[in-house]
Amino acid sequence: MPIAGHLAELRRRLFRSAAALLAGAVAGWFLAAPVLDALRVPIEQIADTQHRMAELNYDTITGAFDLRMQVAITVGVIVSSPVWLFQIWAFLVPALSRRERLYGFGFFFTAVPLFLVGCAAGWFVLPHMVGVLTGFAPEQDAAIVQAKTYFDFVLKLVLAVGIAFVLPVAVVLLNFVGVLRAKTILRSWRVAIIAIALFTAIATPAADVLSMFVLAVPMVALYFAAAGVAALHDLRTDRRAAALLAASPTELPLP
């Protein structure tokens, strides 16, 4: 296909993605109220458990509108993700080989569920984190939380945990393309556990051991599962290479 054809195809894919994002953002505008109600639950729990005034605050005149727009756009990106992800994949598929397509399909259909599970784990630990972090304030003080700052905090936390759950899939992909061997992955288990512990310590308050444990255990399990998949792939690859070598042995030159 000539360059003009590729550009026309890209423009068509971008237009469809933009239309899906716009439709998702419109739907997100109407879903913003229940989303904000769900985000407000940890703040309301502060008032019940810590017996202090706790509420979301809008420090500017346009603060409420800006936050609603941000929620609408975020929901729109999530709701329309099947459309724009498919458009990206459909644009890239013609340039990929059969093997690359198989790897791409495997990565996509494994990474997306793990990402959603990671986002759910981040949402699960959110109330614990909010309660512990606001608990450092003196009892006589109120917890007046800036609404936009709070939403950014929740969004970054959920996305960070979701991406962390996808990293083992990236490790397996590197093994499949020949960059990493399973032995290297297994030898690095100490470094991986330390890195996971540091990540969960940063993502969760140090005083909230339960949240750190809830995040760390599945991440460690996913790392060793990735090592197991890589080991099986290496075993299969080595057997195939040995069979090819036995079928057509090469003659080594004599010294």
Side-chain angles (χ1 to χ4, degrees), residues 6-45 55-96 101 104-130 145-167 169-170 173 199 203-204 215:
H6 285 294
L7 292 177
E9 177 72 9
L10 178 61
R11 183 171 60 252
R12 184 164 57 252
R13 300 293 180 187
L14 289 176
F15 176 79
R16 293 174 182 174
S17 300
L21 286 170
L22 180 60
V26 172
W29 176 267
F30 296 100
L31 294 174
V35 170
L36 289 174
D37 290 340
L39 291 175
R40 197 178 293 109
V41 171
I43 303 298
E44 294 174 348
Q45 291 177 352
E55 60 184 17
L56 291 178
N57 181 54
Y58 300 93
D59 57 346
T60 62
I61 297 177
T62 61
F65 175 79
D66 294 341
L67 180 61
R68 192 180 182 95
M69 284 294 298
Q70 188 175 0
V71 172
I73 294 173
T74 303
V75 173
V77 171
I78 297 172
V79 170
S80 63
S81 59
V83 177
W84 54 264
L85 284 174
F86 173 78
Q87 296 301 322
I88 294 174
W89 177 254
F91 180 75
L92 296 177
V93 160
L96 301 178
R101 292 179 187 179
F105 273 117
F107 178 82
F108 179 80
F109 288 107
T110 307
V112 171
L114 285 177
F115 177 76
L116 295 177
V117 171
C119 291
W123 182 263
F124 173 77
V125 301
L126 173 65
H128 303 280
M129 294 181 60
V130 173
V145 182
Q146 299 298 330
K148 187 178 185 307
T149 303
Y150 176 66
F151 179 76
D152 291 339
F153 169 77
V154 174
L155 184 62
K156 290 176 183 177
L157 170 68
V158 173
L159 289 179
V161 179
I163 293 172
F165 271 61
V166 178
L167 290 180
V169 182
L173 185 63
F199 172 80
T204 60
L215 288 181

Q. Side chain to side chain donor-acceptor pair (under 3.5 Å): which pairs involve residues 12-28, sequence neighbours left out?
A. Glu9-Arg12, Glu9-Arg13, Arg13-Gln87
Q: Find out whether Ile88 and Trp84 are in side-chain contact, i.e. whether some heavy atom of one side chain is under 4.5 Å from a heavy atom of the other.
A: yes
**Q.** Check: Ile78 and Val75 side chains under 4.5 Å, non-hydrogen atoms
**A.** no
Q: Quick one: list whatever passes salt bridge (charged side-chain N to carboxylate O under 4.0 Å, His left out) with Asp37, sequence neighbours left out.
A: Arg40
Q.
Applying ring-ring contact (aromatic ring centres under 6.0 Å, His included), can you list everything that pairs with Trp89, at least two apart in sequence or on another chain?
A. Phe105
How far apart are the closest heavy atoms of [X] and [Y], and which atoms are they?
X: Asp152; Y: Gln70; answer: OD1-NE2, 2.7 Å
X: Pro42; Y: Pro127; answer: CB-CA, 4.1 Å
X: Leu39; Y: Tyr150; answer: O-OH, 2.6 Å

Sequence neighbours left out, cut at 3.5 Å: what donor-acceptor pairs do the side chains of residues 157-164 make with other protein atoms?
none

Q.
Taking atom CZ as the centre, does Phe86 end up with more than 12 heavy-atom neighbours from other residues, nucleotides or ligands that are less than 6.0 angstrom away?
A. no
Q: Any chance you could lay out the side chain to side chain contact (heavy atoms under 4.5 Å, CB included) test for Leu116 and Phe165, step after step, and finish with the verdict?
A: CA-CA 9 Å; Leu116 295 177; Phe165 271 61; over 6 Å; no
Q. With sequence neighbours left out, what residues match Thr110 under side-chain contact (heavy atoms from CB on, under 4.5 Å)?
A. Leu114, Val169
Please set out all donor-acceptor pairs under 3.5 angstrom arising from side-chain atoms of residues 56-65, sequence neighbours excluded.
unit_1 : atom_1 : unit_2 : atom_2 : d
Thr60  : OG1    : Gly63  : N      : 3.0
Thr62  : OG1    : Asp66  : OD2    : 3.2

Q: Take Val130 and Val145, measure what side chain to side chain contact (heavy atoms under 4.5 Å, CB included) needs, and give me the verdict at the end.
A: CA-CA 11 Å; Val130 173; Val145 182; over 6 Å; no
